[in-house]
Amino acid sequence: MVKDMTKKINKMVEQEAMKFLENDFNQCFQQMRHYDSQIFGIIKFLFTIYTTIIGLSIGLYQLGNELHLELTLPAISSLIVGLILG
């Protein structure tokens, strides 16, 4: 009788421990998915900034060539600012 009660109690404790571990596991990976989405958002933002800076530099360089102006320095300085900020 005592062994049966002990087995039932052990089984209940084991079931509760499994529920706790499953809940803990789900919370852990939910937090990791949140961090992954934040990192992905930051990467998209940085890609947009770098694309804009490169486009600005190429645009300044080509405008300088068309108008026979020396816009190489502003193009290079925009690239340098992009490297410093990134």
Side-chain angles (χ1 to χ4, degrees):
M1 176 101 173
V2 175
K3 286 185 178 182
D4 290 335
M5 290 288 278
T6 305
K7 285 182 183 180
K8 285 181 182 179
I9 290 173
N10 284 340
K11 189 172 184 176
M12 286 175 41
V13 168
E14 186 177 314
Q15 287 175 347
E16 290 299 318
M18 290 300 290
K19 286 180 188 177
F20 173 77
L21 287 175
E22 183 180 355
N23 188 26
D24 188 46
F25 179 81
N26 288 333
Q27 285 179 357
C28 176
F29 278 94
Q30 181 181 8
Q31 186 176 8
M32 291 195 56
R33 284 189 295 272
H34 173 71
Y35 288 141
D36 287 345
S37 68
Q38 280 183 336
I39 290 171
F40 186 66
I42 290 169
I43 288 173
K44 288 191 304 187
F45 179 72
L46 287 176
F47 180 75
T48 303
I49 288 176
Y50 286 138
T51 304
T52 303
I53 289 173
I54 291 171
L56 175 69
S57 298
I58 292 172
L60 284 173
Y61 181 75
Q62 288 182 348
L63 181 67
N65 284 341
E66 288 177 8
L67 299 177
H68 302 292
L69 297 172
E70 184 60 36
L71 295 178
T72 307
L73 185 61
I76 291 173
S77 64
S78 66
L79 285 173
I80 289 172
V81 166
L83 287 173
I84 290 172
L85 294 177

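Along the sequence shown, the residues carry numbers beginning at 1.
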For Y61, look at atom OH and say whether over 12 heavy atoms of other residues, nucleotides or ligands are found less than 6.0 Å away.
-> no
Atom NZ of K19 and atom CG of N23: how far apart are they, to the nearest 0.5 Å?
-> 11.0 Å
Could you pull out the closest heavy-atom pair between L56 and S78, with the gap in Å?
-> CD2-CB, 4.0 Å
So CE of M12 and CG of N10: to nearest 0.5 Å the spacing works out to 10.5 Å
Check ion pair E14-K11 (N to O, under 4.0 angstrom) | no
Treating Ile, Leu, Val, Met, Phe, Trp and Tyr as nodes and any side-chain heavy-atom pair under 4.5 angstrom as an edge, say whether I76 and L69 lie in one connected cluster.
-> no
Looking at CG of L63 and CD1 of I58, how far apart are the two atoms once the value is rounded to the nearest 0.5 Å?
-> 13.5 Å
Find the distance between CG (L67) and CD (Q62) and round it off to the nearest 0.5 Å.
-> 11.5 Å
Would you please name every residue forming a salt bridge (charged side-chain N to carboxylate O under 4.0 Å, His left out) with E66, sequence neighbours left out?
-> none
Using the side-chain contact (heavy atoms from CB on, under 4.5 Å) rule, pick out the option among I80, T72, T52, L79 that qualifies with S57.
-> L79
Same cluster for F45 and I53 if Ile/Leu/Val/Met/Phe/Trp/Tyr side chains link at under 4.5 Å?
-> yes
For the side chain to side chain donor-acceptor pair (under 3.5 Å) test, which of Q31, R33, Q38 pairs with Y35?
-> Q31
